[in-house]
Undergrad: 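I have a structure I would like to understand better, so I am pasting it below and will then ask my questions one at a time.
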Amino acid sequence: MSGPVQEPDRECHDEALAGVEAREGRRTSVGGLDVARVLPTKGRRTVGAWCFVDLMGPADAEQPDPMEVGPHPHIGLSTATWLLEGEALHTDSLGTEQVIRPGQLNLMTAGAGIAHAELAARPPFRGAQMWIAQPEGTRHGAAAFEHHGDLPEVEVGDATLLVFAGAVAGAASPARTDTALVGVDATLHGTRTVLPADAAFEHAVIPLDGRLKVGPEVVEPGWLVLVPAGVGELPVESQDRDARFLLLGGEPLGEEVAMWWNFVARDRDELEAAWRDWRDRTDRFGEVPSALERIEAPTPPWVRSPT
Ligand code: MN
């Protein structure tokens, strides 16, 4: 190798860490709640099978709007709901009614179709709504719902890891996985910790509280750091006390997903069929036990004249 060694490279113990990239999320609003959408991000649709991450709230104290998301459908994905503050009530077309609190996981798998509603039951409300794309083998299958109230915690260096999906450092979540992946809520008590990472996985680090340094990138809440596959040890640094972040990762999906509205599929025909089934109230998605108003789908932009 020739050429000058640049200063940022010298700080990267692992050469693969030079390949990390920071991306700023997009501000939007869902159900009256401020949201930072950090995935999908420009040029990147998936990290492993993780294909959507919204960070929700906290609600503006001047306008304490509860999160109210009326019945709406999904296909081809699992929704993983993770709260930092507050409580929410999940209802779905399987007949589920489940309250979720911080530290618990709601995992709803859509398969060929499911509908659900969510209501923030106790403000202030703050959390992450994540989607996991289903692989070909399960995405046409049955819908399912899991609630996990007791998830494993493990100390790694100066970090406490709450493992809600997959396994890390010997702690395994009981939650269903359709592809190899990991999902962790990490709190960093010291200034630097090296997290064990599966080198076959690509990863995303998503700050929740405090500023973090991952490889050469420094990021704050509202941002995401993409870590390429090939990294077996992931150093994370912070000057902020009790910095907190999500670590999501997984084997690259290896399939191009098509996403529109609340649907994850492989092409527009599948998306359009799901849109029609919701619009026409076929029995594909079922009824949701919720007093909230049903959310109607917009017309897909590629559909010229709805019939
Ligand atoms: Mn939903």
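We're numbering straight along the sequence, starting at 1.
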Undergrad: To the nearest 0.5 angstrom, please state how far the CD atom of Q104 sits from the NE2 atom of H147.
TA: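 If we round to the nearest 0.5 Å, Q104:CD and H147:NE2 are 4.0 Å apart.
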
Undergrad: Does the E202 side chain pair with the main chain of G48, one donor and one acceptor, at a distance under 3.5 Å?
TA: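 Yes, because the side chain of E202 sits within donor-acceptor range (under 3.5 Å) of the backbone of G48.
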
Undergrad: Out of curiosity, D158 CG to T191 OG1, how far, rounded to the nearest 0.5 Å?
TA: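 Separation between the atoms: 7.0 Å.
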
Undergrad: Is the side chain of R37 donor-acceptor paired with the backbone N or O of L39 at a distance under 3.5 Å, no angle test?
TA: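 Looks like no, no N/O pair under 3.5 Å.
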
Undergrad: Report yes if some heavy atom in the side chain of P300 is under 4.5 Å from a heavy atom in the side chain of R268; otherwise report no.
TA: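 No. Closest side-chain heavy atoms not under 4.5 Å.
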
Undergrad: Please report the interatomic distance CG(L188) to CG(L161), rounded to the nearest 0.5 Å.
TA: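 That separation rounds to 9.5 Å.
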
Undergrad: Can you find a pair of side-chain heavy atoms, one from V227 and one from F201, that are under 4.5 Å apart?
TA: no

Undergrad: Out of curiosity, does W50 fall in the hydrophobic cluster containing L224 (side-chain heavy atoms, cut-off under 4.5 Å, transitive links)?
TA: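 As far as the 4.5 Å side-chain criterion goes, W50 and L224 are connected within one cluster.
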
Undergrad: Does a side-chain heavy-atom distance below 4.5 Å link W260 with P298?
TA: yes

Undergrad: Hey, is R281 close enough to E296 for a salt bridge, meaning N to O under 4.0 Å?
TA: yes

Undergrad: A quick test of your reading: do over 12 heavy atoms of other residues, nucleotides or ligands sit less than 6.0 Å from CG of D267?
TA: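 Yes, the 6.0 Å shell around CG holds more than 12 heavy atoms from other groups.
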
Undergrad: Is it the case that one hydrophobic cluster holds both V236 and L226, taking links as side-chain heavy atoms less than 4.5 Å apart, direct or via other members?
TA: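 Each belongs to a different hydrophobic cluster.
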
Undergrad: Of all residues at least two apart in sequence or in a different chain, which pass the side-chain hydrogen bond (donor to acceptor under 3.5 Å, both in side chains) check with R241?
TA: none

Undergrad: Rounded to the nearest 0.5 Å, what separation is found between the CG atom of D54 and the OG atom of S29?
TA: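 With rounding to 0.5 Å, CG (D54) is 10.0 Å from OG (S29).
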
Undergrad: On a heavy-atom basis, which atom in V20 and which in P216 lie closest, and how many Å separate them?
TA: CG2-CD, 3.3 Å

Undergrad: Might you point out which heavy atoms bring P73 and N262 nearest each other, and give the distance in Å?
TA: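 Heavy-atom minimum between the residues: O-CB, 3.0 Å.
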
Undergrad: In terms of heavy-atom contacts, does CZ of R211 have more than 12 from other residues, nucleotides or ligands at under 6.0 Å?
TA: no

Undergrad: Between R139 and E255, is there a side-chain N and carboxylate O pair less than 4.0 Å apart?
TA: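 E255 and R139: not salt-bridged.
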
Undergrad: Is the number of heavy atoms from other residues, nucleotides or ligands within 6.0 Å of CD (E287) greater than 12?
TA: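 Open: at most 12 neighbouring heavy atoms sit under 6.0 Å from CD of E287.
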
Undergrad: For the atom pair CG (D92) and OG1 (T79), what is the distance rounded to the nearest 0.5 Å?
TA: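 Those atoms lie 9.0 Å apart.
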
Undergrad: Do P221 and D209 come close enough that some side-chain heavy atom pair is under 4.5 Å?
TA: no

Undergrad: side-chain contact (heavy atoms from CB on, under 4.5 Å) with F245: which of V205, V219, V184, V225?
TA: V205

Undergrad: Is D242 salt-bridged to R244, cutoff N-O under 4.0 Å?
TA: no

Undergrad: Taking the side chain as everything from C-beta on, heavy atoms only, tell me whether D240 gets closer than 4.5 Å to L212.
TA: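 They are not in side-chain contact.
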
Undergrad: Write down the atom of A169, the atom of P196, and the distance for their closest heavy-atom approach.
TA: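 For A169 versus P196, the nearest heavy atoms are CB-CG, 4.2 Å.
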
Undergrad: Do W278 and F285 have ring centres separated by under 6.0 Å?
TA: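 Centroid separation for W278 and F285: below 6.0 Å.
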
Undergrad: Between T81 and Q129, is there a side-chain donor-acceptor contact under 3.5 Å, judged purely by atom types and distance?
TA: yes

Undergrad: Taking atom NE2 of H203 and atom CG of D198, what is their separation to the nearest 0.5 Å?
TA: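 Between H203 NE2 and D198 CG, I get 6.5 Å after rounding to 0.5 Å.
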
Undergrad: Checking the side chain of W223 only, and the main-chain atoms of V38 only, is there a donor and an acceptor separated by less than 3.5 Å?
TA: no

Undergrad: So which pairs with a foot in residues 76-123 pass ring-ring contact (aromatic ring centres under 6.0 Å, His included), sequence neighbours left out?
TA: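 Those involving residues 76-123 are H72-H116, H74-H116, W82-F164, H90-H116, H90-F145.
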
